[in-house]
Protein chains: 2
Amino acid sequence: MSRSKSDEAQQAKPLSRIQETNRKAILEAALDVFAISGFRGATIDEIATKAGMSKPNLLYYFKSKRAIYQQVLEQTLSDWLAPFAELDPTGDPVEELRRYITAKLKMSEKNPNASKLFANEIIHGAPVIGDFLKTSLKTLVDEKAKVIRYWVGEGKLAPVDPYHLIFMIWATTQHYADFDVQIRAVVGSQAGRPGFADQAAQAVLTIILNGIRPRQ
Amino acid sequence: MSRSKSDEAQQAKPLSRIQETNRKAILEAALDVFAISGFRGATIDEIATKAGMSKPNLLYYFKSKRAIYQQVLEQTLSDWLAPFAELDPTGDPVEELRRYITAKLKMSEKNPNASKLFANEIIHGAPVIGDFLKTSLKTLVDEKAKVIRYWVGEGKLAPVDPYHLIFMIWATTQHYADFDVQIRAVVGSQAGRPGFADQAAQAVLTIILNGIRPRQ
DNA sequence: CATCCGCTTGACCGTTTGGTCAAAACAGAC
DNA sequence: GTCTGTTTTGACCAAACGGTCAAGCGGATG
């Protein structure tokens, strides 16, 4: 992942202090706005106001709405996939998956907007990260699927299709971020209480881990 | 659910043949467009064109974009929840849940746009169906949670929080509709093959049902 | 043929919004 | 203070879009 000199839109010029803080403020504001309103629903004006500057000023730092979106999406993606990449073939399968699921749930709790941003992009057909999904992500998933298949072969996991197991983990963990409004509506005031996230984690871990633990 | 005479926006006037077909065409087109583009992203023009009529003509049948959205959302919701309401307390728990999950997966496969429409609405904060979630849906879920808790009490299911089990089933089944683009990107050409949906169903059922089957 | 009424449409309007631009404000170097 | 490059902004533009309206169309009824 070395940054070649022809890396698009990234001149060697070092960012000034003021540029750095402003770009950061914009990206943070953009994450919130894009997550809640989607790409089409978000307006540059709203992002600018939330970032504490005027619209033309924002466009001085990013040349278009799409450019902001792309940047914040890319930045989010690597954070998002980091714990997945860390699944360790030499570790204990159940423990490895427990760690991964726990990490993912914690991320959904701490930064639900990142999850919503991603969900929005996918639901709308992944116009921006479609290529990434078909190349980098696919490669990564294929690799981890092999690991899971190996674990199954060793008898350390019940026989289960690795891809669908991965999808299931993604679905379940992200659900708590993407559908938080529905969850809050259904369980009422309980959702705010401090223990709720732990309770969710315990339930999810119980079902999935029991579901894939080898039985004899 | 009897339709009172003061039922909003629903006069007693019977719909003519042409009205019926046109309204149906509009709602079908609207489902597609809203699911892919979201509420803000969808345009009346696109819906009208897809329904085979002009924009003013569409607005002759529905008084606003929001009215179409509301209608198609409501219509979708009842279909969507029907199999959930049919969970039978007197049946065998594992078989009941198998039936429910299978039905839900089939719906996601047959009508992914309905799922995407719903997902979009929730992610954006459920501005239209927020009240419904907090009243009707909550009541229904509370009721079914009691059923699951009863099953657990009878020793017919492993001890598991009913709400989180329900969320997990929703998350997993809807994932195959909402995130189909990502799934297709990751598994490649396999996703198109006829057996893929069955394979997914088998994996999901295996994990969840093994996860909640009583162990001793 | 004339009338009526449900259906359809082209033309139009006001608002929102992404994006531009030229000029002003500012900051630092000398 | 002056000069130079960076940052900020008010004013503006063109396109897209939701929605309106008055006029046209067409088939059933008399």
Side-chain angles (χ1 to χ4, degrees), chain A residues 9-73 120-121 124 127-128, chain B residues 9-73 120-121 124 127-128:
Chain A
Q10 186 73 22
Q11 293 300 58
K13 231 185 274 176
L15 298 181
S16 75
R17 178 62 39 91
I18 197 165
Q19 277 177 332
E20 210 163 313
T21 58
N22 274 347
R23 290 178 73 99
K24 206 178 134 197
I26 291 170
L27 292 176
E28 270 170 31
L31 175 58
D32 287 354
V33 176
F34 280 133
I36 291 168
S37 305
F39 179 76
R40 285 286 289 267
T43 71
I44 298 184
D45 246 326
E46 196 185 343
I47 298 173
T49 302
K50 213 162 197 164
M53 69 188 71
S54 67
K55 181 171 72 164
N57 198 16
L58 183 150
L59 287 168
Y60 171 74
Y61 291 101
F62 291 88
K63 75 173 205 294
S64 69
K65 185 181 173 182
R66 186 156 220 102
I68 313 171
Y69 181 71
Q70 212 145 349
Q71 180 81 27
V72 69
L73 197 54
N120 244 314
E121 164 75 5
H124 294 10
V128 171
Chain B
Q10 187 72 22
Q11 293 299 58
K13 230 185 275 176
L15 297 180
S16 74
R17 178 61 40 92
I18 196 165
Q19 277 177 332
E20 209 163 315
T21 58
N22 275 348
R23 290 179 72 99
K24 207 177 135 199
I26 291 169
L27 291 176
E28 270 170 31
L31 176 58
D32 288 354
V33 175
F34 281 133
I36 291 168
S37 304
F39 179 75
R40 284 286 288 269
T43 71
I44 299 183
D45 245 326
E46 196 185 344
I47 299 173
T49 303
K50 211 162 198 165
M53 68 188 69
S54 66
K55 180 171 69 163
N57 198 15
L58 182 148
L59 286 168
Y60 171 75
Y61 290 102
F62 291 87
K63 77 173 203 296
S64 70
K65 184 182 173 183
R66 185 154 222 102
I68 313 171
Y69 181 70
Q70 214 145 348
Q71 180 81 26
V72 68
L73 198 53
N120 245 313
E121 164 75 4
H124 293 10
V128 172

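All of these numbers come straight from a predicted model, not from anything done at the bench. For the numbers below, each heavy atom of this structure counts, side chains included, while hydrogens, waters and symmetry mates do not. Chain naming here is simple, since letters A, B, ... match the order of the sequence lines and numbering starts at 1 in each.
Rounded to an integer number of Å, the gap from Ile18(A) CD1 to dG28(C) P is 9 Å. Rounding to whole angstrom units, CZ of residue Arg17(B) and C1' of dG27(D) are separated by 16 Å. Rounded to an integer number of Å, the gap from Phe39(B) CZ to dC17(D) P is 13 Å. To the nearest angstrom, C1' of dT8(D) lies 12 Å from CG of Leu58(A). Counting to the nearest Å, the P atom of dG18(C) and the OH atom of Tyr69(A) are 14 Å from each other.
Side-chain proximity of Pro56(A) to dG19(D), dT9(D), dT8(D): nearest is dT9(D). Distance from the side chain of Arg40(B) is smallest for dT17(C) among the nucleotides dT17(C), dC17(D), dC7(C). Checking dG19(D), dT8(D), dG19(C) against every side-chain atom of Leu59(B), the shortest atom distance belongs to dG19(D). For Asn57(A), counting side-chain heavy atoms from C-beta on, the closest listed nucleotide (dT7(D), dG18(C), dG18(D)) is dT7(D).
Counting non-hydrogen atoms under 4.0 angstrom, Ile44(A) reaches the backbone sugars and phosphates but no base. Heavy atoms of Phe62(B) sit nowhere under 4.0 angstrom from any nucleic acid atom. Residue Ala42(A) is classed as a sugar-phosphate contact, given heavy-atom separations below 4.0 Å to backbone atoms only. Nucleic acid contact class of Arg66(A) (heavy atoms, under 4.0 Å, all strands): none. No contact: Ala48(A) has no heavy atom under 4.0 Å from any strand.
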Handout entry: Working for side chain to side chain contact (heavy atoms under 4.5 Å, CB included), residues Val128(B) and Arg66(B)
Key = CA-CA 9 Å; Val128(B) 172; Arg66(B) 185 154 222 102; 3.6 Å; yes
Practice task
Let me see the working for Phe39(A) and Glu121(A) under side chain to side chain contact (heavy atoms under 4.5 Å, CB included), right down to the final yes or no.
Solution key: CA-CA 8 Å; Phe39(A) 179 76; Glu121(A) 164 75 5; over 6 Å; no
Problem - Test log, rule side chain to side chain contact (heavy atoms under 4.5 Å, CB included), inputs Gln71(A) and Phe62(A) - result: CA-CA 9 Å; Gln71(A) 180 81 27; Phe62(A) 291 88; 4.1 Å; yes
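Comparing Lys55(B) and Tyr61(A) by the nucleotide of DNA chain D that holds the closest heavy atom to each, the one mapping nearer the 5' end is Tyr61(A).
Heavy atoms only, all atoms of each residue included: Ala51(B) and Ala25(B) are closest at CB-O, 3.8 Å.
Distances shorter than 4.0 Å separate none of the side-chain N or O atoms of Tyr60(A) from OP1 or OP2 on dT8(D). Neither OP1 nor OP2 of dG6(C) sits under 4.0 Å from any side-chain N or O of Gln19(B).
Between Tyr69(B) and Phe34(B), the ring planes are perpendicular. Angles over 60° get that label, and only those under 30° would be called parallel.
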